[in-house]
Amino acid sequence: MAPKSLNPLAMKLMKGVIVLELVGVLGAYGLFQMMNSSRDFRNTMNRRFPSILEVYYQSNEWAGVYGIRERDHEAWSAKQD
């Protein structure tokens, strides 16, 4: 017995979900790259979305990259003085 083909609506929904997931992954990667390359952008993220910045710091620490958080806080406190 041959497998039944998917309903056209189900195919469209599945394709839409795949596209949404791809856009989400690329957006997260782009955000990570922007935070990874710019301390000023990390400062903006600290003011607007501190929880996202915390995830950035934790992911770097899990990867074995330490000291970014401390260097950022030192630079930001020196800038305020």
Side-chain angles (χ1 to χ4, degrees):
M1 185 169 190
K4 293 183 180 181
S5 64
L6 288 175
N7 185 351
L9 178 62
M11 282 296 285
K12 286 182 182 180
L13 287 173
M14 194 164 67
K15 287 179 183 178
V17 167
I18 290 171
V19 167
L20 276 173
E21 286 182 0
L22 185 60
V23 167
V25 167
L26 291 175
Y29 178 75
L31 182 63
F32 178 83
Q33 287 300 321
M34 289 178 69
M35 284 194 288
N36 206 29
S37 64
S38 172
R39 179 174 286 143
D40 290 333
F41 185 71
R42 287 194 300 268
N43 190 17
T44 301
M45 292 300 290
N46 186 39
R47 285 184 275 122
R48 293 186 182 168
F49 307 105
S51 59
I52 294 174
L53 185 63
E54 183 63 28
V55 170
Y56 167 78
Y57 287 142
Q58 286 180 356
S59 67
N60 276 311
E61 290 167 357
W62 290 336
V65 180
Y66 297 99
I68 297 174
R69 180 191 320 252
E70 292 79 13
R71 287 191 301 265
D72 283 349
H73 288 296
E74 287 174 9
W76 297 335
S77 65
K79 193 176 183 180
Q80 289 177 352
D81 293 339

#### Entry: Residues in side-chain contact (heavy atoms from CB on, under 4.5 Å) contact with Arg48, at least two apart in sequence or another chain
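Residues passing side-chain contact (heavy atoms from CB on, under 4.5 Å) with Arg48: Thr44.
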### Query
Looking only at atom types and distance, does a side-chain atom of Ser37 sit under 3.5 Å from a main-chain N or O of Gln33, one as donor and one as acceptor?
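Looks like yes, one N/O pair under 3.5 Å.
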### Message
So does Glu74 get a backbone contact from the side chain of Ser77, meaning a donor-acceptor N/O pair under 3.5 Å?
### Response
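Yes, Ser77 side chain to Glu74 backbone: donor-acceptor pair under 3.5 Å.
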Please write out which residues are connected to [X] in a hydrophobic cluster, directly or through intermediates, given that two of Ile, Leu, Val, Met, Phe, Trp, Tyr count as joined at side-chain heavy-atom separations below 4.5 angstrom.
X	answer
Leu22	Leu26
Val17	none
Val23	Val19

Listing, residues 53-61 side-chain donor-acceptor contacts under 3.5 Å, not counting sequence neighbours, or none:
| residue | atom | partner | partner atom | Å |
| --- | --- | --- | --- | --- |
| Glu54 | OE1 | Arg69 | NH1 | 2.8 |
| Glu54 | OE2 | Gln58 | NE2 | 3.3 |
| Glu54 | OE2 | Arg69 | NH1 | 3.3 |
| Glu54 | OE2 | Arg69 | NH2 | 3.3 |
| Tyr56 | OH | Asn36 | OD1 | 2.8 |
| Tyr56 | OH | Asn60 | ND2 | 3.4 |
| Tyr57 | OH | Asp72 | OD2 | 2.7 |
| Ser59 | OG | Val55 | O | 3.3 |
| Ser59 | OG | Tyr56 | O | 2.8 |
| Asn60 | ND2 | Tyr56 | O | 3.3 |
| Glu61 | OE2 | Arg69 | NH2 | 3.3 |

### Query
Do other residues, nucleotides or ligands put more than 12 heavy atoms under 6.0 Å from the CZ atom of Phe49?
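Result for CZ/Phe49: open.
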### Message
Does anything in residues 11-31 form a salt bridge (charged side-chain N to carboxylate O under 4.0 Å, His left out)? List the pairs, not counting sequence neighbours.
### Response
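For residues 11-31: none.
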Distance in Å, [X] [atom1] paired with [Y] [atom2], rounded so as to fall on 0.5 Å steps:
X	Y	atom1	atom2	answer
Met45	Leu31	CE	CG	5.0 Å
Ile68	Arg39	CD1	CZ	9.5 Å
His73	Asn46	NE2	CG	6.5 Å

